[in-house]
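I have placed the structure first, in the form of structure tokens, so that the comments after it can refer back to it.
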Amino acid sequence: MPLRHRRRMDNSSSNVAPDRATDTEATAPDARGPGASGVLEPPGTEAAATALTPSERTQVIQFLYDKRLTLFNVRREHEWKIYFGAIALLAGLDASLLTGRMHISSWQTWAWSALAFAIFLACLGYEVQLQIRNAADRLAMDTLYNDLYDQAKLPRGGSARERTGALPSGSFGWSFRWQMLLLAAFALASILLPFTIASP
């Protein structure tokens, strides 16, 4: 009789043990770290938990400034390539017409003028949007520059500090008006040229 009772106790304990182990696994914290269990956490939770040191803050600001400057310079390179490409295209078309390598009929005269006008409008639209984007970059870089200036604990009224707010030349760079004036002159010459040359 005691032997049977002991076997029953062994069987009952073996049945309960897995349930207890399951409860322990369910309530145990995940040792792999936050987010490893598949639960998404709000962005910036870990960054907010630890404040940046002054040195780290300076590095972050410098990184953001460099990225803005890189994008600004890349856009400026594309701007000049597209601008001079449009002028070269108009000049090449005019040269082919003036040298007699190309002859156009009456209806092609209007198509020629429409093409020259379309080139001017496309370049103008691109330049306007580019200047707006560049103005935003310049304002952001001035703000980041002033933040770096303050991190160095320089006098706030110093001449090296940038003035943020309205840009001195507005949203457009100082060369934009002269660029568009020159491009308009080339486009106008291309538009009027077919009408000044007698068709064969």
If Ile, Leu, Val, Met, Phe, Trp and Tyr residues are connected whenever their side-chain heavy atoms lie under 4.5 Å apart, and connections chain through other members, are Leu71 and Val128 in the same group?
no
Within this structure, what is the CD-CD distance for the pair Gln179 and Glu127, rounded to the nearest 0.5 Å?
5.5 Å
Any chance the side chains of Asp66 and Gln62 put a donor and an acceptor closer than 3.5 Å?
yes
Taking every non-hydrogen atom, the tightest pair across Arg68 and Ala136:
NH1-O, 4.1 Å
Can you name the nearest heavy-atom pair linking Arg76 to Gln131, along with the distance?
NH1-NE2, 4.1 Å
Under 30°, 30 to 60°, or over 60°: which ring-plane class applies to Phe84 and Trp80, parallel, tilted or perpendicular?
parallel
I need the Leu69 CG to Lys67 NZ distance, nearest 0.5 Å.
11.5 Å
Phe176 side, atom CZ; Leu130 side, atom CG - distance, nearest 0.5 Å
9.5 Å
Distance-only check: which donor-acceptor pairs under 3.5 Å involve side-chain atoms of residues 112-120, not counting sequence neighbours?
unit_1 : atom_1 : unit_2 : atom_2 : d
Trp112 : NE1    : Ser190 : O      : 3.0
Ser113 : OG     : Thr109 : O      : 3.2
Ser113 : OG     : Ile191 : O      : 2.8

Ile87 reachable from Leu98 in the ILVMFWY side-chain graph, under 4.5 Å edges:
yes
If you round to the nearest 0.5 Å, how far is CG of Leu188 from CG of Leu183?
11.0 Å
Tyr126 and Glu79 have their tightest heavy-atom pair at OH-N, 3.9 Å
Could you see if Ile82 belongs to whatever hydrophobic cluster contains Leu90? Use Ile, Leu, Val, Met, Phe, Trp, Tyr and a side-chain cutoff under 4.5 Å.
no
Hey, what do you get for CE (Met141) to CG (Leu64), rounding to the nearest 0.5 Å?
12.5 Å
How close do Ser96 and Leu93 get, counting heavy atoms only, and between which atoms?
OG-O, 2.7 Å
If you define the side chain from C-beta out and look only at heavy atoms, does anything of Asp147 sit under 4.5 Å from Arg57?
yes
For the residue pair Thr196 and Leu193, establish whether any side-chain heavy-atom pair is separated by less than 4.5 Å.
yes
Over 60° means perpendicular and under 30° means parallel, so tell me whether Tyr65 and Tyr145 are parallel, tilted or perpendicular.
tilted
